[in-house]
Enquirer: 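Dropping a structure here in structure tokens format, bear with me for questions.
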Amino acid sequence: MNNDIKSILVSEEECQEIVSRIADKISEEYRGRRLLLVCILKGSVVFMGDLMKKIHIPVEIDFMKVSSYGRSSKSSGTVNILLDLYRSDLPETDILIVEDIIDSGRTLSYLVEYLKLKGARSVKTVTMLDKPSRREVDFVPDYRGKVIPDEFVVGYGLDYAEKYRALPYIGILKPEVYEK
Ligand code: IMP
Ligand code: MG
């Protein structure tokens, strides 16, 4: 285990089980539709990569980037779009936004409204992790991997100051790592 990790919250094996379960549900519910997975960079890339392999209906993929936490472990509260979706086929497209973790809920509640206004046929959300105790706005994802307590976690795409994204499990960071 990495030295900066206090404990493992979701093992590599459990991550794969979670993704398989969600992928089966999505495959069933989107059968016969034009499904576009929109990955929110960068934290969701690992989840997106695993999820798209396990969904057994045709999918298209795209990417958006929004302003993030920067170097701190606290939310800034505002959402800025740094990389937008440029497509002319949104009226025929069912979008599923793929997110790593929901904290305040601000990012996803904003993006869902934004993509609906852009004209997508439907917009739903899937998140690997959810910290409902941290909500600042009402938001419930359509598909959810695991509910976790209010701890700062890294790995499986999630970072602290751009580190730890490649860890194959999700772990709780030692507080002294971000308090120093
Ligand atoms: P929200 O808009 O507050 O829901 O922010 C969600 C975003 O905050 C996620 O996409 C992550 O990039 C980041 N985030 C929230 N909690 C954590 C965490 O525990 N570790 C790493 N990133 C986090
Ligand atoms: Mg993110």
Side-chain angles (χ1 to χ4, degrees), residues 18-19 22-23 26 29-30 33-53 55 58-148 150 152-167 170 173 178:
I18 288 171
V19 178
I22 299 176
I26 292 171
E29 289 174 22
Y30 281 88
R33 291 158 73 185
R34 179 153 182 205
L35 174 58
L36 175 67
L37 300 178
V38 175
C39 173
I40 307 306
L41 295 171
K42 302 173 200 170
S44 309
V45 282
V46 178
F47 177 39
M48 170 85 155
D50 282 346
L51 185 66
M52 63 187 280
K53 285 183 286 182
I55 291 177
V59 294
E60 294 179 31
I61 63 166
D62 222 319
F63 298 86
M64 288 184 80
K65 189 172 187 190
V66 297
S67 56
S68 70
Y69 284 54
R71 308 212 135 244
S72 119
S73 59
K74 296 234 162 66
S75 170
S76 67
T78 56
V79 179
N80 293 305
I81 293 177
L82 306 177
L83 173 67
D84 206 341
L85 210 56
Y86 299 99
R87 306 175 62 108
S88 52
D89 58 357
L90 290 181
E92 300 89 60
T93 301
D94 292 301
I95 291 181
L96 186 57
I97 305 175
V98 180
E99 179 65 302
D100 49 1
I101 185 167
I102 307 178
D103 186 77
S104 71
R106 290 183 189 281
T107 306
L108 280 187
S109 57
Y110 179 84
L111 282 179
V112 167
E113 285 317 303
Y114 180 79
L115 291 172
K116 280 183 180 164
L117 280 174
K118 260 176 110 80
R121 184 163 65 186
S122 69
V123 184
K124 288 195 173 186
T125 57
V126 55
T127 188
M128 180 66 184
L129 300 175
D130 193 4
K131 285 190 215 174
S133 63
R134 298 259 312 163
R135 277 306 190 285
E136 291 166 19
V137 295
D138 251 338
F139 187 85
V140 182
D142 298 285
Y143 306 93
R144 171 161 77 178
K146 187 168 179 143
V147 172
I148 64 164
D150 181 12
F152 196 81
V153 293
V154 295
Y156 201 67
L158 291 147
D159 75 310
Y160 171 67
E162 296 301 328
K163 289 167 74 182
Y164 316 107
R165 291 194 196 276
L167 297 177
I170 295 162
L173 201 55
Y178 52 85

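When reading the values below, keep in mind they use all heavy atoms of this one structure, side chains included, and skip hydrogens, waters and symmetry mates.
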Enquirer: Could you tell me whether the side chain of Ser104 and the main chain of Glu136 form a donor-acceptor pair under 3.5 Å?
Expert: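 No, because the side chain of Ser104 does not come within donor-acceptor range (under 3.5 Å) of the backbone of Glu136.
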
Enquirer: Could you walk me through whether Leu90 and Leu85 pass the side chain to side chain contact (heavy atoms under 4.5 Å, CB included) check?
Expert: CA-CA 10 Å; Leu90 290 181; Leu85 210 56; 4.3 Å; yes

Enquirer: Say you draw a straight line from CD1 of Ile22 to CG of Asp142; how long is it, rounded to the nearest 0.5 Å?
Expert: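 Answer rounded to 0.5 Å: 11.5 Å.
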
Enquirer: Over all heavy atoms of both residues, which pair between Ser109 and Val137 is shortest? Give the atoms and the distance, please.
Expert: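 Where Ser109 meets Val137 most closely, the heavy atoms are OG-CG2, 3.5 Å.
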
Enquirer: For the CD1 atom of Ile81 and the CE atom of Met64, what is their distance to the nearest 0.5 Å?
Expert: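 Here the interatomic distance stands at 4.0 Å.
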
Enquirer: Can you tell which of Leu158, Asp100, Leu173 makes a side chain to side chain contact (heavy atoms under 4.5 Å, CB included) with Val153?
Expert: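 Result for side chain to side chain contact (heavy atoms under 4.5 Å, CB included) with Val153: Leu158.
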
Enquirer: Roughly how far, to the nearest 0.5 Å, is CG of Leu96 from OH of Tyr30?
Expert: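 These two atoms lie 4.5 Å from each other.
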
Enquirer: Do the non-hydrogen side-chain atoms of Cys39 and Val45 ever get within less than 4.5 Å of each other?
Expert: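 Cys39 reaches Val45 side chain to side chain.
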
Enquirer: Who are the salt bridge (charged side-chain N to carboxylate O under 4.0 Å, His left out) partners of Asp94, not counting sequence neighbours?
Expert: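 Counting only residues at least two positions away or on another chain, Asp94 forms a salt bridge (charged side-chain N to carboxylate O under 4.0 Å, His left out) with Arg33, Arg121.
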
Enquirer: Within the side chain of Thr127, is there an N or O that forms a donor-acceptor pair under 3.5 Å with the backbone of Leu129?
Expert: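 Pair found, side chain donor or acceptor close to backbone of Leu129.
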
Enquirer: Would you mind reporting whether Leu35 and Ile26 have side-chain heavy atoms less than 4.5 Å apart?
Expert: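 They are in side-chain contact.
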
Enquirer: State, to 0.1 Å, how close Gly145 and Ile18 come at their nearest heavy-atom pair, and which atoms those are.
Expert: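 Heavy atoms only, the tightest pair is CA-CG2, 3.4 Å.
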
Enquirer: In Å, rounded to the nearest 0.5 Å, how long is the span from OH of Tyr86 to NZ of Lys118?
Expert: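 Tyr86 atom OH to Lys118 atom NZ measures 7.0 Å (nearest 0.5 Å).
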
Enquirer: Distance only, no hydrogens: is a donor on one side chain within 3.5 Å (strictly under) of an acceptor on the other, for Tyr114 and Asp84?
Expert: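 Yes, side-chain donor-acceptor contact under 3.5 Å.
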
Enquirer: For Lys163, which residues count as a side-chain hydrogen bond (donor to acceptor under 3.5 Å, both in side chains) partner, sequence neighbours excluded?
Expert: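 Expected list: none.
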
Enquirer: Would you say Ile102 and Pro141 make side-chain contact, with heavy atoms under 4.5 Å?
Expert: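 Heavy-atom side-chain distance check passes, below 4.5 Å.
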
Enquirer: For Arg87, what residues pass the salt bridge (charged side-chain N to carboxylate O under 4.0 Å, His left out) criterion, not counting sequence neighbours?
Expert: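 Checked Arg87 against salt bridge (charged side-chain N to carboxylate O under 4.0 Å, His left out); matches are Glu60, Asp62, Asp89.
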
Enquirer: Evaluate the criterion side chain to side chain contact (heavy atoms under 4.5 Å, CB included) for residue pair Asp130 and Arg135; output intermediate values, then yes/no.
Expert: CA-CA 10 Å; Asp130 193 4; Arg135 277 306 190 285; 2.9 Å; yes

Enquirer: Residues in side chain to side chain contact (heavy atoms under 4.5 Å, CB included) with Leu83, at least two apart?
Expert: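 By the side chain to side chain contact (heavy atoms under 4.5 Å, CB included) rule, Leu83 matches Leu41, Phe63, Lys65.
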
Enquirer: Decide yes or no for Val38 and Ile40: does some side-chain heavy atom of the first lie under 4.5 Å from some side-chain heavy atom of the second?
Expert: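 Result yes, sub-4.5 Å side-chain heavy-atom pair found.
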
Enquirer: Please name all residues satisfying side chain to side chain contact (heavy atoms under 4.5 Å, CB included) with Asp150, sequence neighbours left out, ordered by chain then number.
Expert: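 Testing Asp150 for side chain to side chain contact (heavy atoms under 4.5 Å, CB included), a comparison that skips the adjacent residues, returns Lys131, Ser133, Arg134.
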
Enquirer: Taking all atoms of both residues into account, what is the closest heavy-atom pair of Gly155 and Ile170, and its distance?
Expert: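 Where Gly155 meets Ile170 most closely, the heavy atoms are O-CG1, 4.1 Å.
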
Enquirer: Residues two or more places apart in sequence or in another chain: which of them pass side-chain hydrogen bond (donor to acceptor under 3.5 Å, both in side chains) with Tyr164?
Expert: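 If we apply the side-chain hydrogen bond (donor to acceptor under 3.5 Å, both in side chains) test to Tyr164, skipping adjacent residues, the hits are Asp4.
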
Enquirer: What residues, two or more places apart in sequence or in another chain, satisfy salt bridge (charged side-chain N to carboxylate O under 4.0 Å, His left out) together with Asp50?
Expert: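 Asp50 satisfies salt bridge (charged side-chain N to carboxylate O under 4.0 Å, His left out) with Lys53 only.
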
Enquirer: With sequence neighbours excluded, tell me which residues meet side-chain hydrogen bond (donor to acceptor under 3.5 Å, both in side chains) with Tyr143.
Expert: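 With sequence neighbours excluded, Tyr143 shows a side-chain hydrogen bond (donor to acceptor under 3.5 Å, both in side chains) to Glu29, given in chain and number order.
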
Enquirer: When rounded to the nearest 0.5 angstrom, what distance separates CG in Leu115 from CD1 in Ile95?
Expert: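 Answer rounded to 0.5 Å: 4.5 Å.
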
Enquirer: So do the side chains of Leu51 and Val126 get within less than 4.5 Å of each other, counting heavy atoms only?
Expert: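 In short, these two side chains touch, coming nearer than 4.5 Å.
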
Enquirer: Among residues at least two apart in sequence or on other chains, which ones pass side chain to side chain contact (heavy atoms under 4.5 Å, CB included) with Val112?
Expert: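 Checked Val112 against side chain to side chain contact (heavy atoms under 4.5 Å, CB included); matches are Ile97, Lys116, Val123, Thr125, Phe139.
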
Enquirer: Start with the C-alpha distance between Tyr156 and Val19, add both sets of side-chain angles, then the distance that settles side chain to side chain contact (heavy atoms under 4.5 Å, CB included), and finish with yes or no.
Expert: CA-CA 12 Å; Tyr156 201 67; Val19 178; 3.4 Å; yes

Enquirer: Please lay out, stage by stage, how Val66 and Leu111 fare under the test side chain to side chain contact (heavy atoms under 4.5 Å, CB included).
Expert: CA-CA 9 Å; Val66 297; Leu111 282 179; 4.0 Å; yes

Enquirer: If I take atom CG from residue Leu108 and atom CD1 from residue Ile101, how far apart are they, to the nearest 0.5 angstrom?
Expert: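 If we round to the nearest 0.5 Å, Leu108:CG and Ile101:CD1 are 11.0 Å apart.
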
Enquirer: Mind checking side chain to side chain contact (heavy atoms under 4.5 Å, CB included) for Arg165 and listing every partner two or more places apart, or none if nothing turns up?
Expert: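 Counting only residues at least two positions away or on another chain, Arg165 forms a side chain to side chain contact (heavy atoms under 4.5 Å, CB included) with Lys42, Asp159, Glu162.
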
